[in-house]
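Encoded as structure tokens, the structure appears first; notes follow it.
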Amino acid sequence: MFSRVALRAAPRQQPFSLVARRTFQTTRAQLSSPYHYPEGPRSNLPFNPKTRFFWFRYLMYCVVGFGTPFGIAVWQTYRPRA
């Protein structure tokens, strides 16, 4: 019983193994393929944060997104009951 465990735990070193050693390889992205897209910072965003008034549009988006539920709650509170 212990000898089988010892045999499994012992590393087998073969000088010329038939199994190739795994290495990490990188390939250049093929932009002509529909499955490869440009890489880098801000390349995966659906908007351009480097425009002139991006900060204002982003601020308004946040204000509207955060304020809409509260506005709806106030409107439903003060509307006449039917």
Side-chain angles (χ1 to χ4, degrees):
M1 177 182 197
F2 292 113
S3 62
R4 289 184 185 171
V5 173
L7 285 175
R8 269 188 270 153
R12 296 182 184 145
Q13 296 180 358
Q14 298 176 355
F16 300 105
S17 178
L18 296 175
V19 179
R21 187 173 152 198
R22 282 182 69 161
T23 59
F24 293 102
Q25 297 177 355
T26 58
T27 57
R28 188 174 61 85
Q30 299 173 355
L31 298 178
S32 62
S33 172
Y35 302 108
H36 293 90
Y37 300 99
E39 296 180 4
R42 295 180 301 274
S43 65
N44 61 342
L45 298 175
F47 49 84
N48 183 10
K50 293 196 151 224
T51 58
R52 185 175 177 186
F53 291 106
F54 172 74
W55 65 271
F56 181 72
R57 288 185 294 210
Y58 180 71
L59 180 67
M60 288 296 106
Y61 176 78
C62 292
V63 166
V64 169
F66 185 78
T68 300
F70 294 102
I72 291 172
V74 168
W75 176 71
Q76 288 184 351
T77 302
Y78 290 116
R79 71 176 177 173
R81 303 275 188 246

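- In this structure, OH on Y61 lies 16.0 Å from CZ on F56, to the nearest 0.5 angstrom.
- The nearest pair of heavy atoms linking R81 to Q76 is NH1-O, 3.7 Å.
- Residues M60 and W55 are members of one and the same hydrophobic cluster, defined by side-chain heavy-atom contacts under 4.5 angstrom among Ile, Leu, Val, Met, Phe, Trp and Tyr.
- Put simply, CG on L59 and CZ on F53 are 13.5 Å apart, with the number rounded to the nearest 0.5 Å.
- In this structure, F70 and F66 have tilted ring planes: the angle between them lies in the 30° to 60° band.
- The number of heavy-atom neighbours closer than 6.0 Å to CZ of F47, taken from other residues, nucleotides and ligands shown, is above 12.
- How far CG of N44 is from CD of E39: 10.0 Å, rounded to the nearest 0.5 Å.
- Taking CZ of R57 as the reference point, atom CZ of R52 lies at 11.5 Å (rounded to 0.5 Å).
- I72 and Y78 are not part of a single hydrophobic cluster, where members link through side-chain heavy atoms under 4.5 Å apart.
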